[in-house]
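These notes are about the structure you will find just below.
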Amino acid sequence: MLNSVPYKIKKWRLRQNSQRNFLIYCSVFVGFFGGLAAIALKFLVHAMEEISRNISAHLPYHIIYVFLPALGIFLTVSYQHLINKDKIQKGIGNILANIKRNHSNIRYNNIYSHLVTSSLTVGFGGSSGLEAPIVSTGAAIGSNTGKFFNLSPYEKTILIAAGASAGIAAVFNSPIAGVLFSLEILLGEISIPTFIPLLIASATGVVVSKLLYSDQLFHLATEGWAMSALPFYIVLGLFSGWISVYISKVGGFLERGILKKQNRYVRALAGGLFLGLIIMVFPALFGEGYHYLQAILNGNINALKEESFFSAWLAHPIVMAGFIACMVFMKIITAGITIGAGGNGGTFAPTMFTGAFLGLFVAFSVNQTGLVHLNTSNFVAVGMAGALSGVLHAPLTAIFLIAEITGGYVLFIPLMIVSSISYIIARLFNPHNMYWHDLIHEKNIHPDQDYDMLNAIGISSLINKQFVGISKSTTVKDFYKLLAGTTVNIFAVIDEAGRLEGIILLDQIRKNLFDANIPDEETVADIMTIPPGIIEYEQSVSSVMDLFDTLDVWLLPVTRDDLFMGFISKSTLLARYREEFIRQNKEADLFIKH
């Protein structure tokens, strides 16, 4: 009975509204709740961080920083294990995997589990970001909305991207960046049919943010940039590209897990305590680190002396420069430890933090020479864009995000220069961003393969059952006589039970067709060959395409429970894929009357 509810709702709404209008309404719904979830998470975490800082201020040497991250990660692991039963799907990579291979279906529990676990991790000082959990939450809202209304996989994909856009837009008050993030990272395409729902969801998320959480994440007042600083922006672009490679390699390695042979709770406590010791030495690494990021954007570099053991030493410029350099390299290490120990978070905020301190390092170091004066705030802002562009391989997202959250549209030229240089260098070392890199090497999922459209094709519709089956005991002379009455160029050799034993390709025996000296005792068994591969009936169509590409063949046999079913041609598969592509794009186009 319950399973019929979405179907009845779909029938009702199709009578009331067109398909295209309903997708718009769903985008508003997803944008509203995606934005609401994002703001709730940010508010909760910032409140917890403030409480932690206030407690720390009343304790000697801020000793509480040693234990809080371990507590947060331990609670996160406990929730995932005991309550969530390990059903949470962490990270943006899992969203991409679900889009590609799971018909854009994301488990319902991901709507709330990321809110709980990431708030525990980051709220107690885990040195990671909230953007990935926010994107995961918004994506889960979009997927389950589409699932409830029985929408197509393509439409669910659009709603996944809409939820992600709303989350990013709500957090940063940046609607354009929210849309570009989904287009560059999740969808990999820019088209009007996909752009409109994302724009609406993103705008809805920002409206929710303005109403419920009016504080802007960052503030930056700038009068622009000077031409004399141009060479140093180029230098920052080069550094940003190299640091992006560092972030991807080190962060990815640590996120895959630390102390892997240990019990999950031992790993959480040990990793958390080690993280806490690092944070006690570098207090700016506590949580997301946005508190200190805003301080250096304001030009208040002395904020780095707060809570630090090295306050007196940091008055010396060389020591301060070295301290800033340590922050550049340490943030991604602490973020990797946080996630690798079992915490929930992402590398989005750590990447921004790293880029900001890289920009600070360049500007501060140059200014100490006295040869030229650089605007420190500008370099901090542009450094964030450079790091994001290199790590995410998303230069448009990086440019517009930093421009929107800092109000620094006057920095567009430096943002473009640094982001493009960083992107080029990062691509030289790795053709894919860190999310796709893991999917390609660990799950064999590739961005240029449309698994969703392929899997929408039923494998039974591809099978050519008009085949000629012969026994391997048939003489070759009798087989050649059989050729005169058929037009096929491939033959299946099957036994009495219908099991496939081999195949005969006409191209391979053509030169022997007119041989008059064929021995009477020669049988089909002597000329048949083993097929290069066999397709199982239960296989997904995407894996069938992978098999064709791997073997570099155009025709393969299909079996079901060891019984021969027929042949599938790669040309037939490509033709059906083209038909499905046209159908889904017409279905998703908001400007075509359905």
Side-chain angles (χ1 to χ4, degrees), residues 34-35 38-39 41-43 45-46 122 129-132 134-135 138 164-185 198-199 202-225 240 287-300 331 346-360 375-392 394-416 418-419 422:
I39 296 307
L41 179 58
K42 295 293 283 189
F43 179 81
V45 170
H46 287 172
V122 182
L130 294 173
E131 288 73 22
I134 286 170
V135 168
S165 296
I168 292 293
V171 169
F172 294 109
N173 282 330
S174 53
I176 300 300
V179 172
L180 291 174
F181 173 85
S182 291
L183 291 174
E184 288 190 293
I185 303 298
L198 267 57
L199 195 61
S202 187
T204 303
V206 171
V207 170
V208 172
S209 174
K210 292 285 188 182
L211 290 173
L212 302 177
Y213 195 78
S214 58
D215 291 342
Q216 190 172 338
L217 192 60
F218 299 118
H219 304 272
L220 173 63
T222 180
E223 297 178 356
W225 61 283
S240 296
E288 292 179 288
Y290 286 159
H291 169 77
Y292 289 93
L293 218 166
Q294 177 61 66
I296 63 173
L297 268 175
N298 293 339
N300 181 20
K331 182 62 178 180
T347 55
F348 198 102
T351 297
M352 290 178 63
F353 183 98
T354 300
F357 275 81
L358 179 63
L360 175 64
N375 186 315
T376 301
S377 298
N378 287 0
F379 273 76
V380 170
V382 174
M384 287 193 284
L388 281 175
S389 176
V391 172
L392 301 182
L396 289 177
T397 299
I399 291 169
F400 280 91
L401 178 64
I402 303 306
E404 287 184 294
I405 65 177
T406 61
Y409 281 97
V410 293
L411 295 178
F412 238 61
I413 299 302
L415 286 171
M416 292 168 65
V418 173
S419 296
S422 177

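These figures come from a predicted structure and were not determined experimentally.
Minimum interatomic distance between Gly386 and Ser419 (heavy atoms only, all atoms of both residues): N-OG, 4.2 Å. Looking at every heavy atom in both residues, Ala132 comes nearest to Gly346 through CB-CA, 3.7 Å. Nearest heavy atoms, Leu198 versus Leu183: CD2-CD2, 3.8 Å. Of all non-hydrogen atoms in Leu293 and Ala356, the two that sit nearest each other are CD2-CB, 3.7 Å. In terms of heavy atoms, Pro175 sits closest to Ser202 at O-OG, 2.7 Å. Ala38 and Ala170 get closest at one heavy-atom pair: CB-CB, 4.1 Å.
You'll find the side chain of Lys42 reaches within 4.5 Å of the side chain of Ile134, heavy atoms only. In this structure, Ile402 and Met352 have side chains that are in contact, with non-hydrogen atoms separated by less than 4.5 Å. Val135 has its side chain out of reach of Phe348: every pair of non-hydrogen atoms, C-beta onward, lies at least 4.5 Å apart. Side-chain contact between Leu358 and Thr354 is absent, with no heavy-atom pair separated by less than 4.5 Å. In this structure the side chain of Phe181 never reaches within 4.5 angstrom of the side chain of Glu131, judged on heavy atoms. Residues Lys210 and Val207 are not in side-chain contact: their nearest non-hydrogen atoms beyond the backbone lie 4.5 Å or more apart.
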_Pair Phe412, Ile399 - check side-chain contact (heavy atoms from CB on, under 4.5 Å), show working._
CA-CA 7 Å; Phe412 238 61; Ile399 291 169; 4.0 Å; yes

*Could you walk me through whether Asn173 and Glu404 pass the side-chain contact (heavy atoms from CB on, under 4.5 Å) test, one step at a time?*
CA-CA 7 Å; Asn173 282 330; Glu404 287 184 294; over 6 Å; no

*Starting from the C-alpha separation in whole Å, work towards a yes-or-no answer on side-chain contact (heavy atoms from CB on, under 4.5 Å) for His46 and Glu288.*
CA-CA 9 Å; His46 287 172; Glu288 292 179 288; 3.4 Å; yes

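Distance check: Thr397 OG1 to Ile176 CD1 gives 11.0 Å after rounding to the nearest 0.5 Å. Of the inter-residue distances, the one linking Leu411 atom CG with Met416 atom CE reads 12.5 Å to the nearest 0.5 angstrom. Considering OG of Ser174 and CG of Leu401, their distance stands at 5.0 Å, rounded to 0.5 Å. In this structure, CD in Glu184 is found 4.5 Å from CG in Leu396, a value given to the nearest 0.5 Å. Atom-to-atom distance recorded for Ile168:CD1 and Ile185:CD1 is 9.5 Å, nearest 0.5 angstrom. Of the inter-residue distances, the one linking Asn300 atom CG with Thr376 atom OG1 reads 11.5 Å to the nearest 0.5 angstrom.
Between the side chains of Ser422 and Ser389, no donor-acceptor pair is found at a separation under 3.5 Å.
Between the Ser377 side chain and the Leu297 main chain, a donor and an acceptor come within less than 3.5 Å of each other.
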